[in-house]
Each structure stands twice: as C-alpha cells, then as structure tokens.
Protein chains: 4
Amino acid sequence: MARKPLTKPRKYASQGRSRATVDALIEATARILVRDGFDKASTNRIAEKAGVSVGSLYQYFPGKEALVAAVMKRHGEELMQVVRDALAEAAALPMEQAVRALVVAAMEAHRIDPRLHRVLAEQIPRMGRLENTEVLNGEIHALFRAWLDAHCDEFRPLDLGLAAFVCVTSIEALTHTAVVHHSESLSEEAFGALVDEATRLVVRYLQ
Amino acid sequence: MARKPLTKPRKYASQGRSRATVDALIEATARILVRDGFDKASTNRIAEKAGVSVGSLYQYFPGKEALVAAVMKRHGEELMQVVRDALAEAAALPMEQAVRALVVAAMEAHRIDPRLHRVLAEQIPRMGRLENTEVLNGEIHALFRAWLDAHCDEFRPLDLGLAAFVCVTSIEALTHTAVVHHSESLSEEAFGALVDEATRLVVRYLQ
Amino acid sequence: MARKPLTKPRKYASQGRSRATVDALIEATARILVRDGFDKASTNRIAEKAGVSVGSLYQYFPGKEALVAAVMKRHGEELMQVVRDALAEAAALPMEQAVRALVVAAMEAHRIDPRLHRVLAEQIPRMGRLENTEVLNGEIHALFRAWLDAHCDEFRPLDLGLAAFVCVTSIEALTHTAVVHHSESLSEEAFGALVDEATRLVVRYLQ
Amino acid sequence: MARKPLTKPRKYASQGRSRATVDALIEATARILVRDGFDKASTNRIAEKAGVSVGSLYQYFPGKEALVAAVMKRHGEELMQVVRDALAEAAALPMEQAVRALVVAAMEAHRIDPRLHRVLAEQIPRMGRLENTEVLNGEIHALFRAWLDAHCDEFRPLDLGLAAFVCVTSIEALTHTAVVHHSESLSEEAFGALVDEATRLVVRYLQ
DNA sequence: GATGAATGAGGGTTCATTCAT
DNA sequence: GATGAATGAACCCTCATTCAT
C-alpha cells in the first residue's frame, strides 16, 4: 500500500459550501503556481490565498500534489475542448486547411493560459505519473491518428502511429515554444508566419 | 539587489586539490540528481557524497543552484561538442545526408546521459534564467542557421531565422521525447525509423 | 479556573435514542482503543465508527477524555462485579480457599478484556486524576480489608490497612503482569501454577 | 524497512561540543517528562529547554522517542547499579537479611527519581518494544534467579523461574506503588513497616 | 583552507473543537 | 437534536547556510 501516491481529491464535494471551498483552493493553487512557481506553492500559502484554513485544504486534498493535479485536470480539460473541437471541424476540411486548423488550435490551446501551461508542463514530470496528463496526451494522439486514418488515401503510405507521433510532437513543440518562451518577442504576424510554417512542415511531411 | 542570482562558482579553481574538490562536487551533484532527483539533492548530501564537508562546498559554490548550474554547464558542453562536430561534418554532405547527420547527432546528444538530461531539462525553468542554457540554445540556432545560409540555394526561399526555429525545435522535440520518455519502450529499429521520419520531415520542409 | 477537568458525560441520557448514541460512542471508543491505541483514537474517528457525527459526540461528551473515562467506568464496573462476587463467596470459605478464590477472581477480572485493560491501565496516569479509578481501587482495598477483619482470628496480628495493601498490590501485580504481558507465552497450566503460587504467597504472609 | 522504529541516537557523539549538546537534550527531556508529561514533550520544546535548536536535536536523535529512550537508558543504568550492588551484597547475607536488603534496594531504586520513574514506567508500553527496558528487566530476573539458585537449599523445592517472577513482581509492585503513588502520604516509619512486610511476604513464600 | 556542529525559518500534516445550517 | 464543514494551534521534521574552531 503506497504511502502517498494520492493525487486525487478526498471528497467529490458537490454541495454548495464544499464546492466553493474546493474551487477556491484550485483557483488559489493555479494563481500561486503562475505567480511564484511550484516550489513556493506551500499548502499553507495556498490555503491562505484561498481564504480557507489549512485544515480545510486537507479535508479535500491529501496534499500539495493533489491540488496541482486538480489544476492540471482543469486546465487539461480546457485544452482538450479546444483540440477536440478543432479535430471535429478538421474532419470536413481539405487536408491542408485541416492541418492549419489543428495548428491554430494548438496555438490557441497554449494561449488559454500560457504562464500556467508552462509551470504545469514543467512540473508534470516531477509528479510521478499523472494518469490524467497521460490520458489526455494519449487522447490527442488517438484523435490525430484517427484523422490520419480517415484521410490516408491523400497521403503517402504511413506508419500511422509513428506519423502521429511526429506530427503531434512537432506541432506541440512549435506552438509550445513559441507561446511559452517567445510570446513577448513575437508579433501577431510572426505567429501567423509560424502557423504557415508549421502547417507546411506537417503537410509536406505527410504527402 | 537580487537576493540570489548567484549561479557561478566562487573560484575558478585551477590548482590541483581545489580542482579535484570542485570536480568531486559536480560529479556528486550529477549522480544524486540522476539517482534521487532535484528535491533530494541537499547540499549536505552532495558534500558527503563528494567526500567533502559542507563548509568546503560553500567555499567553492555559493549555493545549491550554482552546483546544478555547473552540472548543466558540463553536460551542455558535452552536448554542444556532439552537435558542433555533426554540423561541421554536415557542411560537406549533400543536403539529405546532412540533415540525417544532424538528426542522428541530436539523438546521440540526448543519449549521452538521458536521465541526467531529463532532470536538468526539468529543472532549468525553476532556476531563474540560466544564461548558460540560453547561450547554448542560441549557439545551436546560430550554427544551424549558418548551415541553412550556406545551402540556401538548395532550398526554396526561406526566412532563415524562422526556418532554423522550426527545424531545430522539431528535431529537438522528436529526439528528446523519444529518448527521454520512450527509451524503454522503443527498439533500435524504432529509433532508426524515427530518424528516417525526422529527416524526411525536415528535408521536405526545406525543399 | 481549570481548563479541562471535564471527564463526565454532559447528559445522563436515558431515553432510547440518546442512550443508543452514547453506547455506540463508548463502544466505538473501546474498540478503537484496543485496535489502534490511544493516540490514534481521534474524536472524528470515534464518531465515524460510532456512525454518528462529531457534533453529536460533543453533544454527549465534553471531549476525548470523557469518552475514555466512560470506557474506563464501564470496564471498571465489569471488573468490580467479578471482584465483588468473589469476595462475597470468599466470606463463607475457609481461608486458603478464600484466598485462592480471590486470586482466581483477579485473574478473571484481568481476562475480561486484556487488551482494553492494558490500554486503559497505560492511559490512566495521563488523564489527570480519574476519580473513578481511584474509587474502584479504594473499594477493592476496603472490601479486602473487611474480609481480613472478619477473619482476623485466623491470622497473626495484622495492621489491616498495611496487610490489605500488601495483598491487593501483590495479587494485582502478579495477575496483571501475567495476563497483560505474558498471555501469549503462558499455557493454562502455567496460569494454574501461578494461581497456586500467588495463593501461597498471600496465605503464608497472613499466617 | 521500518520507517521509524528508530530509538537510537544518530551519532555517538563523544567530543566536547557534541557531547554537551546531547547531554543537554537528554536532561531537558527528562525534566520536561517530569514536569509536563510525555504528551507535552514536543521536540521543539525539548530543544528550547536544552538551549539548542531543533535542528541540532534532529542531528543527534531521530525523534522524540529516541530521546525518551535515552532518558530511559540513563535512568535504567542508575537503577541497575543500585540493584546489582544490593544483590552482590545479598550473596553473603543470611537469607532473611538478604531479602530485606533487596527490598530496601528496590525502594531506593524507585526513590532515585520517583517522578521520572513514574512517567517512564507509564510510557514504556507505548514505545514499541524498548529493548533496553526488557533487557534490564530480564537482567533483574536473571540475577534474582541466580541468587535463588545459590540458596535453594534454604528453601522449599521451587520452580526457580516462577518463584523469581513472583518475588520480583511483588517486590517491584509494592515498592513502586508505595514510592510512586503514596510517597506524599507515607511517613518514614510507614516505609519501614512496608519493608518489614514485603520482606516477610517474600521470606515466608520461599520457606 | 577545511571542518561539521549549530541554526531556525518554513513546509507538511493532524485533530480537538466549534457553529452555521 | 443532528450534522459535518471549517478552524488553526501545534507538531514533527528538513535543509540551505553560517561560523567558531
């Protein structure tokens, strides 16, 4: 029996007061993560910022990691919604436009909250197997792979798994790096140019 | 007045014993980082593993961060050597082979010490602007850009900076993800296939 | 003004539901005390195990100590019943058989619930003068003394108080140590032999 | 690998400064144990009373229990010295005087520091197998048994182990209860009378 | 230079108790 | 009466860093 692999909330509070407390805690965690980084996000500080006592924090979360996991989950769901929508639209578009739509979606997903995204991305590896993150990642690969499969007659012969890995990883890296590390130095046009290039990268790779 | 922007060794020890102490400390840090992760790497532990007293540690490094920075620097230099060599060779090769050589070099660079690479990669962001890392990153971009420039007549018209960003970021992401996150599940053949794909990705993008 | 000398139930609940709640709480406390020890017996845990809310717990008991005191009282009453019965019987027996009956009774009293007895015995001192315990102890001494008094013509001249102290303390210690600390390593025969020895100890002392 | 069964000092400090710190900590622990009881003896409080930082406490002891164990060890050694000396003397005395000497020794042992003895006695059971205590207890039984063995021709036929248990347990209980629980209400004469009675109890039992 | 004992702020966590609903 | 969310003082413990020797 592992001593503390707990990254799940203790209660799935759904009634008013509880729910508000939980939300305040998650929100506070996200804010502190953004403002001060993971290391400064102590349970006491989070509780204080949430306007709640430490005791309440521990009533709902078994520790700091669970809070960060909750933030990740929340953020991940927002991300996935963007990505899912984009892939749904992409189904009906001609290939190049479809790819472009995906790239744009990836960019938008990163732009939902770039600072938070960054901190979370950096902490994921340190948090001992976040199933949630892996699930999302897996879902993206699966969705993209399905899209490839549906359009495979438009491409050269592909190893779908490998191609999905190459495309998803590249798009992710390009949009992530641009948004997370160069947001301040890039103009809107530069982002536009990057979308063009990323699209070309993927399209030509698949052809 | 910044409280702790100190990430540089206190002395550029070059005489025998000092140098040995410094090396032992860096080595111990690297080993603990790999074995136990950043959080478990306390200065006392590092000093002990290095066979040195904490006091001595602080004689050569202003703090824990400086030690990690030193490890990063050392690792970064090894990385850069591989990359530099590859780019030097690439200069004389026909384009596709050149790109392949670069991809292989990136893979090799990540494989020098994947566990260490991973820990360092994860810690970089937490360590307030490591000039060193950014310099190396900058050098890679510059080198690649120079290579692009030298071969620009073989490509379509390119924005060199943007193209370098796209290529370097993609190659980095693909090799990093493969080596750091999937080393255990990928066969040699799979790595070979990935090299092929990454090469194709870049070559077709540039044409 | 003493801060927490409260070891008495808040209500002498006698109506059905209340009484059931109180009983459930005492029972839960006893069980947790036995299973997990005093330190793990938190009020929340007790309430939960009793199938009651913490709030209700505090409606009937002013605090944790009061619960333990209630358990002690309940256990003490069971003990005393055994002892009283034995002394009542002993009145009619010839001296040696009477002593033996008392020793056996002491043994049985300790065996009612040895694990609980042990935990309680260990906790008594930490609970600031439990009148109850002292009362019981006093009663035992008084009863025994009365018995001595009634049979004093069969003994050498005695300081009754002192003799009662010596006998009661010795019998208590022998049976307590045997049952509480050596139950697992002693056979039934060994217990029988111990009864013989304790009886001899007391009889010869009194003669 | 048990997580915290550590009741041993971390370092057997013997040089000046360290030794002084360790002593101060043990002394402070003993004093707090006496003044406030086990539950109030927090590591921070002990450190403070010892005029030392918590950090230092943890440099030498892995936790509160180790400190208490150290106090027990120190106290136990004092006790044993008294008991050993008495038994050594007793070897040369006629039986009744020998028993009396032992009873007196037991009394003196309890009187070394009755308040401390009491707290320790109460805490022993809660501290998960204190080898030290059991060893001492075992030594006392062994010594007494050896004495019985050496004088067995003066007694009725005995099961030596059982007889040692009966005698040691009784003497211990009588002296312990008298000293620890009734010190304030008993005069010197009363103690003298008790010694007489305890001696008689044991002597007549053995004859 | 080297040593390592000492420091103490600060982090994680629990639990007896209260009180609005 | 009953509930259980909320509280927060108090605990245990770690570790970067200093400084007398």
Side-chain angles (χ1 to χ4, degrees), chain A residues 4 11 13 15-22 39-48 50-65, chain B residues 4 11 13 15 17-18 21 39-48 52-67, chain C residues 4 11 13 15 17-18 21 39-48 51-67, chain D residues 4 11 13 15-22 39-48 51-65:
Chain A
K4 275 220 326 178
K11 307 184 185 178
Q15 300 98 336
R17 221 179 350 159
S18 305
R19 184 71 217 164
T21 301
V22 167
D39 294 344
K40 300 288 180 54
S42 73
T43 48
N44 281 294
R45 205 197 285 241
I46 290 170
E48 190 183 8
V52 152
S53 72
V54 224
S56 291
L57 185 158
Y58 280 95
Q59 199 141 53
Y60 295 107
F61 297 92
K64 183 180 169 176
E65 302 216 325
Chain B
K4 278 219 322 178
K11 314 180 185 181
Q15 299 97 336
R17 197 142 55 114
S18 303
T21 300
D39 294 343
K40 301 284 182 56
S42 72
T43 48
N44 280 295
R45 202 122 92 89
I46 290 169
E48 190 184 8
V52 161
S53 70
V54 222
S56 293
L57 184 157
Y58 279 91
Q59 209 127 54
Y60 292 107
F61 295 91
K64 187 183 173 177
E65 301 215 325
L67 276 160
Chain C
K4 278 216 324 175
K11 313 182 183 180
Q15 298 97 336
R17 195 141 56 115
S18 303
T21 301
D39 295 343
K40 301 283 182 56
S42 72
T43 46
N44 280 295
R45 202 121 92 88
I46 291 170
E48 191 184 8
V52 160
S53 70
V54 222
S56 293
L57 185 158
Y58 279 92
Q59 209 128 52
Y60 292 107
F61 296 90
K64 187 181 173 178
E65 302 215 324
L67 277 160
Chain D
K4 276 220 327 179
K11 306 183 184 179
Q15 300 98 336
R17 222 180 346 160
S18 304
R19 184 72 219 163
T21 300
V22 167
D39 294 343
K40 300 287 182 54
S42 73
T43 49
N44 281 298
R45 205 197 285 241
I46 291 170
E48 190 182 9
V52 153
S53 71
V54 222
S56 292
L57 185 158
Y58 281 96
Q59 197 139 55
Y60 295 107
F61 297 91
K64 182 181 170 176
E65 301 216 325

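A note on names: the letters A, B, ... follow the listed sequences, proteins ahead of strands, and every chain is numbered from 1.
Listed by chain and residue number, B/S56 satisfy the side-chain hydrogen bond (donor to acceptor under 3.5 Å, both in side chains) test with B/S53 (two or more places apart in sequence, or in another chain). Contacts of B/R45 classified as salt bridge (Lys or Arg N to Asp or Glu O under 4.0 Å), with partners at least two apart in sequence or in another chain: B/D36.
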Side chain to side chain contact (heavy atoms under 4.5 Å, CB included) between C/T43 and C/Y58, worked out: CA-CA 9 Å; C/T43 46; C/Y58 279 92; 3.5 Å; yes

Filtered N/O pairs between nucleotides 7-11 of chain F and protein, under 3.5 Å:
| residue | atom | partner | partner atom | Å |
| --- | --- | --- | --- | --- |
| F/dT7 | OP2 | A/S53 | N | 2.9 |
| F/dT7 | OP2 | A/S53 | OG | 3.4 |
| F/dT7 | OP2 | A/S56 | OG | 3.2 |
| F/dG8 | O6 | A/G55 | N | 3.4 |

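When the P atom of E/dG1 is taken as reference, atom CZ of B/F61 falls 15 Å away, rounded to whole Å. For D/E48 and E/dA9, the CD to C1' distance is 15 Å, given to the nearest whole Å. The nearest whole Å value for the distance from the CD1 atom in D/I46 to the P atom in F/dC13 is 11 Å. The distance between atom OH of D/Y60 and atom P of E/dG4, rounded to the nearest whole Å, is 11 Å.
The CD atom of B/Q59 lies 10.0 Å from the CG atom of B/L57; values are rounded to the nearest 0.5 Å.
Listed nucleotides: E/dG1, F/dA16, F/dT14. Nearest to the side chain of B/Y58: F/dA16.
Every stem involving DNA chain F, taken as at least 3 paired positions in a row under the Watson-Crick or G-U wobble test at 3.5 Å, is listed here: E:2-21 with F:2-21.
A pairwise comparison of heavy atoms in A/S18 and A/Y60 identifies OG-OH, 3.1 Å as the closest pair.
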